[in-house]
Amino acid sequence: MASPTVKPVLRTDYQRSVADYWNKEKDPVNIKLGEVDGLYHHHYGLGQYDPAVLQAPAEVRDQVMIAEMHRLETAQAEVLLDAFGDLPPHPHLMDGGSGRGGTSFMANARFGARIDGVSISEEQVAFANGQAQERGVADEVRFHFKNMLDTGFETGSFNGIWTNETTMYVDLQQLYGEFARLIAPGGRYVCITGCSNDLTGLRSRAVSQIDQHYICNIHPRSEYFRALADNGFVPISVVDLTPDTIPYWELRAQSSVATGVEDPFLTAYKEGSFHYLLIVADRI
């Protein structure tokens, strides 16, 4: 009997380029913020920052600004996890595009959940699994070198899945087709993402600059709802987080870990060509 064909994780030149980008990524805006308390995130922040950090003495100002930015990005992860509502005891959840694992560890601590994180970056998978070992939760939180478009996990095996600023790297129809297979009926999908305004986003220079910086393909807002509906998901909540994320970017622009993409983000948000959304949808 012929053995089943094992599909490669990276299947296109684009996927290989994205994996290469994140395998090499050592950006201080991710590393230094994670060093504050050991939670390494790969997303942005929510909420007002404390203006007092800008008045801190010069010798500690950078340190307190970084700590404040980390507080805001952890608050963003809390907003995402809040959206799962009441989960069954010891749920099974998936982190789609899990980065260095910060939100997965928060979900495990909050829900007592078993977590499977997937990423096409082998470096980030190794880092996150190392973190799981250090935290003593490696039997509950695991990270895998997998493609979230075709994970190979068992059908209906998850109570919920989240993606946090990762959907701009994939085709949404393929993604939600796979998530519909993985999430048991009645389970929940939670997404935080940047998306373009259908009327003005495609003409926005600032949105194009964000795409170029992260080698991603930002989707128009309407594509999310079309792909969700096509694959058996019903949105129950959509929240425009744009006003809540602008302070994070204003603080980051003044920090030592600014990367140069701050101005395009602020321009795109303020001109209305780009939105920061929380989308919560149930699998029917």
Side-chain angles (χ1 to χ4, degrees), residues 21-82 95 97-110 117 119 121 123-124 126-137 141 143 164-166 192-194 206 209-210 213-214 241-270 274 276 278:
Y21 175 91
W22 288 109
N23 281 332
K24 294 176 178 176
E25 185 270 337
K26 300 289 189 297
D27 201 321
V29 77
N30 294 318
I31 303 300
K32 284 190 174 182
L33 272 64
E35 289 172 350
V36 171
D37 62 3
L39 277 177
Y40 291 82
H41 296 298
H42 280 271
H43 58 253
Y44 311 129
L46 290 176
Q48 292 292 332
Y49 67 83
D50 182 353
V53 301
L54 301 177
Q55 307 304 319
E59 62 270 20
V60 298
R61 186 177 306 136
D62 187 56
Q63 179 183 346
V64 297
M65 288 177 69
I66 284 173
E68 183 69 351
M69 289 167 59
H70 181 64
R71 182 183 70 81
L72 298 179
E73 65 175 4
T74 299
Q76 190 259 34
E78 295 283 8
V79 167
L80 184 150
L81 295 177
D82 287 346
D95 183 351
S98 47
R100 289 185 170 94
T103 307
S104 288
F105 297 122
M106 292 173 64
N108 170 254
R110 180 193 281 210
S119 172
S121 167
E123 291 292 327
Q124 291 187 353
F127 183 96
N129 279 323
Q131 288 283 296
Q133 290 284 349
E134 289 182 18
R135 291 172 173 272
V137 296
V141 185
F143 300 92
N164 198 352
E165 299 176 12
T166 59
I192 292 183
T193 188
Q209 289 173 319
I210 296 168
H213 183 91
Y214 291 111
L241 300 173
T242 306
D244 298 311
T245 197
I246 287 174
Y248 163 86
W249 286 101
E250 291 175 335
L251 180 61
R252 176 167 155 171
Q254 301 175 75
S255 75
S256 66
V257 294
T259 63
V261 77
E262 292 76 18
D263 283 347
F265 268 94
L266 287 167
T267 297
Y269 284 140
K270 291 178 180 180
F274 193 54
Y276 199 50
L278 167 70

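Only this structure's heavy atoms are used, side chains among them; waters, hydrogens and symmetry mates stay out. Nothing fancy with the numbering, it's 1 onward along the sequence.
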Test your reading of the model: is there a side-chain donor-acceptor pair from [X] to the backbone of [Y], 3.5 Å cut-off?
{"X": "N129", "Y": "F143", "result": "yes"}
{"X": "S119", "Y": "G97", "result": "no"}
{"X": "T267", "Y": "D263", "result": "yes"}
{"X": "S255", "Y": "R252", "result": "yes"}

With a 4.5 Å limit on heavy-atom distance, are the side chains of [X] and [Y] in contact?
{"X": "Q131", "Y": "V137", "result": "no"}
{"X": "E123", "Y": "E25", "result": "no"}
{"X": "R100", "Y": "H42", "result": "yes"}
{"X": "Y49", "Y": "Q254", "result": "yes"}
{"X": "I31", "Y": "V257", "result": "no"}

- [ ] Look at K32 together with E35 and state whether they make a salt bridge at an N to O cut-off of under 4.0 Å.
- [x]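 Here K32 does not pair with E35 in a salt bridge, since their nearest N and O are not under 4.0 Å apart.
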Task: Salt-bridge present (R110, D82; N to O < 4.0 Å) - done: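 D82 and R110: salt-bridged.
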Do you know the tightest heavy-atom contact between [X] and [Y]?
{"X": "P247", "Y": "Q48", "value": "CG-NE2, 3.6 Å"}
{"X": "V64", "Y": "A56", "value": "CG2-CB, 3.6 Å"}
{"X": "R61", "Y": "V53", "value": "CG-O, 3.5 Å"}
{"X": "E73", "Y": "L33", "value": "OE2-CB, 3.4 Å"}
{"X": "H41", "Y": "T74", "value": "NE2-OG1, 3.3 Å"}
{"X": "Q209", "Y": "P264", "value": "OE1-CG, 3.5 Å"}

TODO: Could you label the plane-to-plane angle of the Y21 and Y214 rings as parallel, tilted or perpendicular, counting under 30° as parallel and over 60° as perpendicular?
DONE: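 Taking Y214 first and then Y21, their aromatic rings stand perpendicular (interplane angle over 60°).
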TODO: Give the ring-plane orientation class for Y44 versus Y276, where under 30° counts as parallel, over 60° as perpendicular and anything between as tilted.
DONE: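 Tilted, since the angle between the ring planes falls between 30° and 60°.
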- [ ] Please lay out, stage by stage, how L54 and L251 fare under the test side-chain contact (heavy atoms from CB on, under 4.5 Å).
- [x] CA-CA 9 Å; L54 301 177; L251 180 61; 3.9 Å; yes
Open item on the list: Assess the residue pair Y40 and N30 against the criterion (side-chain contact (heavy atoms from CB on, under 4.5 Å)); give the C-alpha distance rounded to whole Å, side-chain angles, the decisive distance to 0.1 Å, and a yes or no.
Closed with: CA-CA 7 Å; Y40 291 82; N30 294 318; over 6 Å; no
To the nearest 0.5 Å, how far apart are [atom1] in [X] and [atom2] in [Y]?
{"X": "L241", "Y": "Y269", "atom1": "CG", "atom2": "OH", "result": "9.0 Å"}
{"X": "L46", "Y": "R71", "atom1": "CG", "atom2": "CZ", "result": "11.0 Å"}
{"X": "F265", "Y": "T259", "atom1": "CZ", "atom2": "OG1", "result": "8.5 Å"}
{"X": "T245", "Y": "L72", "atom1": "OG1", "atom2": "CG", "result": "8.5 Å"}
{"X": "M106", "Y": "N108", "atom1": "CE", "atom2": "CG", "result": "11.5 Å"}
{"X": "L80", "Y": "I192", "atom1": "CG", "atom2": "CD1", "result": "4.5 Å"}

Task: Pair Q76-H43, side-chain donor/acceptor within less than 3.5 Å - done: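 There is such a pair between these side chains.
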TODO: Check whether more than 12 heavy atoms from other residues, nucleotides or ligands sit under 6.0 Å from atom NZ of K24, and answer yes or no.
DONE: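 No - once you tally the heavy atoms of other residues, nucleotides and ligands closer than 6.0 Å, there are 12 at most.
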- [ ] State whether the number of non-hydrogen atoms from other residues, nucleotides or ligands found under 6.0 Å of Q63 atom CD is greater than 12.
- [x]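 Not buried by this count: 12 neighbours or fewer within 6.0 Å.
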TODO: Show your working on side-chain contact (heavy atoms from CB on, under 4.5 Å) between V36 and E68 and close with a plain yes or no.
DONE: CA-CA 10 Å; V36 171; E68 183 69 351; over 6 Å; no
